[in-house]
Amino acid sequence: MKLKQTINQTIQKAFDKANISEQPMSVSEATKPDFGDYQFNGAMALSKKLGKNPRDIAASIIENLDIDGIIAKAEIAGPGFINLWLNPLFIATNCERSRVDERVGVEKHENPIKVVVDYSGPNMAKQMHVGHLRSTIIGDTLANLLTFLGDEVIRQNHIGDWGTQFGMLIAYLEEMGEDGSVSLKDLEQFYKDAKGRFDADAEFADKAREYVVKIQSGDAYCLELWQKFIDISLGHCEEVYEKLNVNLTRDDVRAESFYNDELPKVIDALNERGSLKESNGAQCVFLEGDEIPVLVQKGDGGYLYATTDLAALWYRAQVLGAKRISYVVDARQGGHFKQVFRVAKEAGFVPEDVKLEHIAFGTMMDKGGKPFKTRDGGTVKLIDLLDEAVIKAKAAIKDKESYSEEEVEALAKIIGIGAVKYADLAINRESNYIFNWDKMLSFEGNTSLYMQYAYARIQSIFRRFDGELKGEIIIGDVLEHRLAVMLLRFEDILERTAEDASPNQITTYLYELATLFMRFYEQNPILKEGVPEEIKISRLLLADLTAKTIKQGLDILGIQVVDKL
Ligand code: ARG
């Protein structure tokens, strides 16, 4: 449910009754239990406008506030804050509704929009490395979230499959013949070997250059080789997506090469508008106030990363009809996106009302605060990292004896991959982030294991309960009250996360929810003898909604739950 909006509406009614014609500011979640559930802090700002003491304004709002089933108590605090307590009956009824709703009470957008989420975007000439991890995980979460909220999401994997290096790579693939597929398993090595041949053998180098021209002019044989190369490379990425439990398929690939035929049109369109200027033989767009121009065509006629992105922007806005286009890409490309967004809007490739955003993220660091590398200084391959996560997770499983070997295997995958994803999503995406196995695989703290454990614990309660789950929620104490309110906040949190594209708001929420549940459960036994039946049922209902909410939240993050842990 839209909890905040519901509370805001009651405040609005009080404003109307009190004849205050100003728009009330939104309530906010109380920062301490003593301050109630929500706070209205708008009286201070009104005091200047209305020329009245803020406490008097607050008093008149409270006087006119309907204690109409939503708010049970309102109190003035400090200079004119209003602390609001929600009505236990109101929260109980709404929790009951959420519990039986397969969307746990979260409504779909009334006016869904088309959103393009551009994420992952690996380069085909290289092995996927940890740098692509963040884009893949954050982008997938955003796409899952917006889909859940009812928007029409178009996932776009803008893979790097075009450029002069491919002449060299396919010449080498041709030379390798049958062995090509095998040696392509290690792309990094394949690239190095091809480069070795290129540098050492003039004939090979000539062929490589010739192949570049041929691919670009659409030569069937070279394109076939190129396609083979891309297929194998992409296959490696898909192995990673599969391991990561990420929803990217071949259909989502809109590679750089896809825009190839559009590139001359981009240049023509810019030229027609008089936006192009020659600089050192290259075609550039100079943006007002920007010192560095945007290079769109090299002196030799070749196109650039920015040209392709301009074509992609045009395609996404004009052909796909997206109203929001989100690029989940490393923060270091911030300058690039700022520029291409501006050019695209100024040139009319993208209509004014389309929201363009760079969802930037920081770099992954090791414990010592240095960019994440292997011990010998190489880039860490993503697939190795994920395999290690599963091995480490296996070691973290308690009571391994109570599971079959396959069960341990399956469990380790869910735990290990979940840990890597959660740790990444749980930090503010714009910060650099320190990769730490021990922390991410801990049962304590804000980790996926803690969340999976809370979920499993609730399932174990239900395994021991053999009655019928029928009855109602009765809010009996402060902890139950806080737990129920927290559960009703879920939709507000999801909406805010979608707006800011900041998955750590979901993890923070889940952590608070699970912690609150654990405290509630310690204090309020459920199945213990002597607990009256109706209280037992009420607590079970709250536990069930908690589990469902955790499951739904983790599902958006692309993390699975288990019934036993
Ligand atoms: N291939 C690029 C890289 O690895 C990322 C692509 C991001 N998407 C885009 N439309 N530019 O840096």
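Whatever order the structure lists them in is the order used to number ligands and atoms, beginning at 1. The chain is numbered in sequence order, starting from 1. Atom set for the values below is all heavy atoms of this structure, side chains included, hydrogens, waters and symmetry mates excluded.
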D118 and salt bridge (Lys or Arg N to Asp or Glu O under 4.0 Å): which single residue from R155, R316, R324 fits?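 Among R155, R316, R324, the one that satisfies the salt bridge (Lys or Arg N to Asp or Glu O under 4.0 Å) with D118 is R316.
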
Cation-aromatic face contact R197/F204, 6.0 Å, 45 degrees: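 Geometry flag: set, cation within 6.0 Å and 45°.
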
With a 4.0 angstrom cut-off on heavy atoms, strictly below it, pick out the residues next to ligand 1 and order them by chain and number.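 Contacts of ligand 1 under 4.0 Å: D118, G121, N123, H132, H158, Y305, D309, Y327, V329, Q333, F337.
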
How would you list all residue pairs meeting ring pair (Phe, Tyr, Trp, His ring centres under 6.0 Å) that involve residues 266-308, not counting sequence neighbours?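 Checked against ring pair (Phe, Tyr, Trp, His ring centres under 6.0 Å) - neighbours excluded - the pairs reaching residues 266-308 are Y305-H336.
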
Output every pair passing ring pair (Phe, Tyr, Trp, His ring centres under 6.0 Å) with a member in residues 246-270, not counting sequence neighbours, ordered by first then second residue.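 Matches after skipping sequence neighbours: H158-Y259, F258-Y315, Y259-Y315.
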
Pair listing, salt bridge (Lys or Arg N to Asp or Glu O under 4.0 Å) test, anchored in residues 413-428, at least two apart: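 Residue pairs with at least one partner in residues 413-428: R134-D424.
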
Can you say whether the rings of F190 and Y172 are parallel (under 30°), tilted (30 to 60°) or perpendicular (over 60°)?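 Rings of F190 and Y172: perpendicular, over 60°.
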
